Amino acid sequence: TVGGLVVLSVVLVHVHAEETERSDVERAAIANVKELGGHVMEIAQDDPRLEVSYHLTDGPVTDAHLEPLKELRALVHLNLRGTSITDEGLKNLSGLTSLTRLHLEKTKITDAGLAHLAGLENLEYLNVYGTEVTDAGIQQAASLKNLKKLYIWESKVTIEGVRQLKEAAPSIAVIPDLVLEQKKAEEEAARMKAEEEARAKAEAEAKQQAEEAQKAAEAEQKNAEAAK
């Protein structure tokens, strides 16, 4: 009935309100992030978990911008792309165990900063593109048991570093996969070499056949002349 639907709607709204009810500390932290120019939103209408982004903020974003995040226990997505945060600032993220996605591309972080992420047990996505992170830094990612994707474009990571991480944590997809790319490059080089060798062999055989045909023709002509 219509009345029943109205009651049900009111109940659902009330339940959602209770689920999204936040503490005074959390509300203050959210307000602080917004005052600093950050964007805060819920993941979905029926999902009160939070997404925070600073990559579109006007002006420089520094470590101070990360301090309010310590109070956001429902934070799951954080975008810090292209900001001026440092390793020191990442200390503020060490307790955010709900975090699943973290964008650190084009920031000033190094291996030292990644050490602060060791406790992010639910992290699934980590982007360190364009940073000073090295082989030693990404080895720390092996301890992140739920990590699925690690982006390393234009970082200091080498093929050997990727190889070591893949051996320690084969479930992590490293992008780009330098080991796989090297294998493909070697296979392509081998294919091209084989084709070149086959082409050279075919040309040599064709040349030999032509020479033999010419000699046969010359011999036949001499025989014909001798017969005359």
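Note: hydrogens, waters and symmetry copies are ignored here, and every other heavy atom, side chains too, is used. Predicted model only: the values in this text are computed from it and were never measured.
- For the pair Asn122 (side chain) and Leu99 (backbone), a donor-acceptor distance under 3.5 Å is absent.
- In terms of heavy-atom proximity, Leu36 sits nearest to Pro68 at CD1-CG, 4.0 Å.
- Transitive grouping of hydrophobic side chains (ILVMFWY, heavy atoms separated by less than 4.5 Å) brings Val128 and Val174 into a common cluster.
- At most 12 heavy atoms of other shown residues, nucleotides or ligands fall within 6.0 angstrom of atom NZ in Lys156.
- Qualifying ring pair (Phe, Tyr, Trp, His ring centres under 6.0 Å) partners for Tyr151, counting only residues two or more places apart in sequence or in other chains: Tyr125, Trp153.
- A chain of hydrophobic side-chain contacts below 4.5 Å, direct or via other Ile, Leu, Val, Met, Phe, Trp or Tyr residues, connects Leu80 to Ile30.
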Please tabulate, one pair per line, all N/O donor-acceptor pairs under 3.5 Å involving side-chain atoms of residues 48-56, not counting sequence neighbours.
| from | atom 1 | to | atom 2 | distance (Å) |
| --- | --- | --- | --- | --- |
| Arg49 | NE | Asp47 | OD1 | 3.1 |
| Arg49 | NE | Asp47 | OD2 | 3.2 |
| Arg49 | NH2 | Asp47 | OD2 | 2.8 |
| Tyr54 | OH | His65 | O | 2.7 |

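- Surrounding CD of Gln164 are more than 12 heavy atoms belonging to other residues, nucleotides or ligands, all under 6.0 Å away.
- A donor-acceptor pair is defined here as one N or O able to donate and one able to accept, closer than 3.5 Å; no such pair exists between the side chain of Glu67 and the backbone of Asp63.
- Side-chain atoms of Asn146 never come within 3.5 Å of backbone atoms of Leu123 as a donor-acceptor pair (strictly under, hydrogens ignored).
- Ionic pairing of Lys215 and Glu212 is not present here: no N-O contact between side-chain nitrogen and carboxylate oxygen is shorter than 4.0 angstrom.
- When all heavy atoms are compared, the tightest approach of Pro170 to Glu167 is CD-O, 4.0 Å.
- Here the straight-line distance linking atom CD of Glu105 with atom OG1 of Thr83 works out to 9.5 Å at 0.5 Å rounding.
- Listed for the Thr100 side chain is a donor-acceptor partner under 3.5 Å among the backbone atoms of Val76.
- Taking 4.5 Å as the limit, some side-chain heavy atom of Leu126 sits within range of a side-chain heavy atom of Leu104.
- How far CG of Asp135 is from OG1 of Thr158: 3.0 Å, rounded to the nearest 0.5 Å.
- Counting heavy atoms from C-beta on, the side chains of Ile175 and Leu150 never come closer than 4.5 Å.
- Residues Thr62 and Ile85 have side chains not in contact (no heavy-atom distance under 4.5 Å, counting atoms from C-beta outward).
- Distance alone, capped at 3.5 Å, is enough to place a donor-acceptor pair between the Asp87 side chain and the Thr110 backbone.
- The two residues Lys145 and Glu121 make their nearest non-hydrogen contact at CG-O, 4.0 Å.
- Side-chain contact of Thr134 with Asp111: a donor-acceptor pair under 3.5 Å is present, judged by distance alone.
- Nearest heavy atoms, Leu102 versus Leu117: CD2-CD1, 3.8 Å.
- For the atom pair CZ of Arg101 and NE2 of His77, the computed distance is 6.0 Å after rounding to the nearest 0.5 Å.
- Ser84 has its side chain out of reach of Val61: every pair of non-hydrogen atoms, C-beta onward, lies at least 4.5 Å apart.
- The NE2 atom of His39 sits 10.5 Å away from the CE atom of Met41 when rounded to the nearest 0.5 Å.
- Contact detail for Ile138 and Gly161: the closest heavy-atom pair is CD1-O, 3.7 Å.
- Among pairs with a residue in residues 90-99, those fulfilling side chain to side chain donor-acceptor pair (under 3.5 Å) read Glu88-Lys91, at least two apart in sequence or across chains.
- Side-chain contact between Lys106 and Thr131 is absent, with no heavy-atom pair separated by less than 4.5 Å.
- For the atom pair CG of Leu120 and CG of Leu147, the computed distance is 10.0 Å after rounding to the nearest 0.5 Å.
- When all heavy atoms are compared, the tightest approach of Ala118 to Leu144 is O-CD2, 3.9 Å.
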Are Thr86 and Ile109 close enough, and set up right, to give a side-chain contact (heavy atoms from CB on, under 4.5 Å), and what steps lead you there? CA-CA 5 Å; Thr86 68; Ile109 65 150; over 6 Å; no

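- No option in Lys166, Arg163, Lys149 other than Lys166 meets the salt bridge (charged side-chain N to carboxylate O under 4.0 Å, His left out) test with Asp177.
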